[in-house]
Amino acid sequence: MNEFEFIDSITQGYYRQSSVIKGIGDDAAVLRHPYHDLVTAVDTMVDGIHFSKETVPAFYIGYRTLAANISDIAAMGAVPTSYMISLVVPKDYSDNELQAIYQGMDQLSRKYHMDLIGGDTVTGDQLVVSVTIHGLVEKDKARLRSHARDGDIVFVTGTLGDSRFGLGLLLDEYKDQSYRDRLDKIDRDYFINRHQQPTPRVDFAEALKSLRRVALNDVSDGIASEAHEIAKSSQMTLFIDDDQVPVHQDMYSLPDELIHDYKYSGGEDFELLGTVSEQDFPFVVEAARRHHLPLRQIGYVKDSEQTNGQVYLKKQGTLKRLKKTGYTHKN
Ligand code: ADP
Ligand code: MG
C-alpha cells in the first residue's frame, strides 16, 4: 500500500461531529466551535518504551494510545470530539499491523462519536504513534488541577494498580514459587484487559458538569504523582488514608510491598483522582453510582502553609510524607 492508498483506507465516509468543516484531505483540518472552550492534548507512545510488540498487539497499541488521550480530555471535564495521528513507521512494519492500530483507535472513536481529522506519516527506525486530541467543555468549566481548596474531599474512581498487575501477568513477572500458588485463583483476564483496553472516565466526568468547582487529574503515572500535581498546582496539602485507597480483591494475592507500589505508582489505570467541597461530594457519589463506577473518598485537602505542595499518607497508624514516586519518607 502506498501512502495515498493508506490515507484513503483510513478516511471516514462521513464525520460524526458537525464542527468538522474539513477533515482529512487538505493541508489542514478546519473546526468550528462558537460556544465552547476547546481542550487539546497530545500523547506519544514509542515502541520499546511505552509498549512492546510482545505484550501489546497492534490493535491494543491503537486502543491504548487513544484511550490515554481521551482520559486527558475527561480529566479536564471535557467531551472528546476529534483526533489527529502522527506516525513514524519502520520500513518492515506490515500493512496489516498498521491497519490494526487504526482499528483499535476506531473502536474507541466510534464509542465516543469522535472523528479522525488528519495526521502525518513518515518512515523511521521504530514505531512511534502520536495522537493529538480535541475536546469541548462549557466555557470556564475546564476542571483544572489548581482547583483544590481547603477542606475538600479527595476521591478516586475505580480500583488502582490493575493495569500494572495486568502488565506483570503479561510479562510473566511472577514466576517465583512464592507467588505461584497464590496467583492460581485470580482473574487474570480482568487485569490483562485493564492493561490493554482501559476505559477513560468521560461519562462520569461529564456528569459533574453542573458543579461549580472540582479539581480532576487522570491516573496515568500513579496517584502518588497525580496527588502531587494537584497539591502543587493548588498550593494545598493532600492527606491520603491508605486503608481507603481502593484495590481489586485479587490484588491481595501479592506481597504488601508490591500492592503498595502498584497502588501508588502503578499508573495507566486512567481512573480519575479529584477533589471537591464536602457539600458537593454527595453529588459526585451519586454521579459515580449512576455510571456503575466505584468511587471512594481517600483523603482530604488542607491549606497549611509549611506543607503546601506536599502529600501525606496515613498508613498503619503513622503519618508519613508520600513522595512523587510512591515511596514514603523515613520520617
Ligand atoms: P500535506 O503534504 O499537505 O502535509 P499529507 O500528504 O501529509 O498532506 O496528508 C494528506 C492528508 O492526509 C492530510 O489531510 C493529512 O492530515 C492526512 N494524513 C496524513 N497522514 C495521516 C495519518 N497517519 N493518519 C491520519 N491522517 C493522515
Ligand atoms: Mg503532511
Side-chain angles (χ1 to χ4, degrees), residues 1-34 36-53 55-74 76 78-136 196-198 200 202 220 268 270:
M1 220 183 335
N2 68 30
E3 197 190 320
F4 300 107
E5 289 167 336
F6 168 66
I7 292 169
D8 267 352
S9 78
I10 55 152
T11 301
Q12 294 175 200
Y14 68 98
Y15 291 105
R16 302 173 183 113
Q17 300 282 335
S18 59
S19 55
V20 180
I21 307 294
K22 180 71 205 179
I24 288 179
D26 215 303
D27 299 311
V30 182
L31 302 170
R32 189 173 294 161
H33 301 302
H36 290 86
D37 287 338
L38 175 69
V39 178
T40 182
V42 59
D43 244 313
T44 303
M45 302 261 192
V46 180
D47 186 16
I49 296 177
H50 302 97
F51 58 84
S52 102
K53 282 175 72 179
T55 52
V56 188
F59 179 91
Y60 297 112
I61 293 174
Y63 194 102
R64 279 185 73 220
T65 310
L66 188 57
N69 275 266
I70 294 174
S71 180
D72 282 327
I73 295 296
M76 297 302 282
V79 173
T81 50
S82 54
Y83 61 111
M84 306 179 93
I85 308 176
S86 180
L87 284 177
V88 181
V89 190
K91 283 207 173 59
D92 60 359
Y93 205 70
S94 78
D95 283 354
N96 281 346
E97 276 180 299
L98 207 53
Q99 293 289 347
I101 293 179
Y102 276 78
Q103 281 155 12
M105 300 220 191
D106 193 50
Q107 178 165 327
L108 256 185
S109 130
R110 281 166 197 271
K111 177 170 170 188
Y112 293 104
H113 261 79
M114 300 169 64
D115 293 312
L116 173 61
I117 58 165
D120 197 25
T121 319
V122 296
T123 47
D125 291 337
Q126 78 205 111
L127 181 70
V128 179
V129 184
S130 180
V131 174
T132 303
I133 191 165
H134 311 118
L136 298 178
Q196 293 185 328
Q197 283 188 278
V202 175
S220 51
E268 298 195 321
F270 302 116

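Atoms within a ligand are numbered from 1 in the order they appear, just like the ligands themselves.
Distances between N or O atoms of G25 and those of ligand 1 include at least one value under 3.5 Å. Ligand 1 has no N or O atom lying under 3.5 Å from any N or O atom of M84, backbone or side chain.
Taking every non-hydrogen atom of D27 and a distance limit under 4.0 Å, the qualifying atoms of ligand 1 come out as 3 (O). Listed by atom number, the atoms of ligand 1 under 4.0 Å from I85 heavy atoms are 22 (C), 23 (N), 24 (N). Under a 4.0 Å criterion applied to the non-hydrogen atoms of G118, ligand 1 contributes the atoms 16 (O), 25 (C), 26 (N), 27 (C).
Put simply, the side chain of Q17 gets close to the backbone of H113: a donor and an acceptor are under 3.5 Å apart.
Among G23, S86, A28, G119, the residue whose heavy atom sits closest to atom 18 (N) of ligand 1 is G119.
The proximity of D26 to ligand 1, defined as any non-hydrogen pair under 4.0 Å, is limited to the backbone. The side chain of L87, and not its backbone, has at least one atom closer than 4.0 Å to an atom of ligand 1 (non-hydrogen atoms only; side chain from C-beta on). At a 4.0 Å heavy-atom cut-off, ligand 1 touches T121 through backbone and side chain alike. At a heavy-atom distance under 4.0 Å, only side-chain atoms of Y102, from C-beta outward, approach ligand 1.
Side-chain contact, S130 with T44: a donor N or O sits under 3.5 Å from an acceptor N or O. Between E268 and S220, the side chains place no donor N or O within less than 3.5 Å of an acceptor N or O (distance only, hydrogens not considered).
Taking the side-chain hydrogen bond (donor to acceptor under 3.5 Å, both in side chains) definition, one finds that S82 meets it with H134, sequence neighbours left out.
The two atoms that bring D125 and P90 nearest to each other are O-CB, 4.0 Å, heavy atoms only. The minimum heavy-atom distance linking D72 with A41 is given by the pair CB-CB, 4.3 Å.
For the salt bridge (charged side-chain N to carboxylate O under 4.0 Å, His left out) condition, no pair includes a residue of residues 5-24, sequence neighbours left out.
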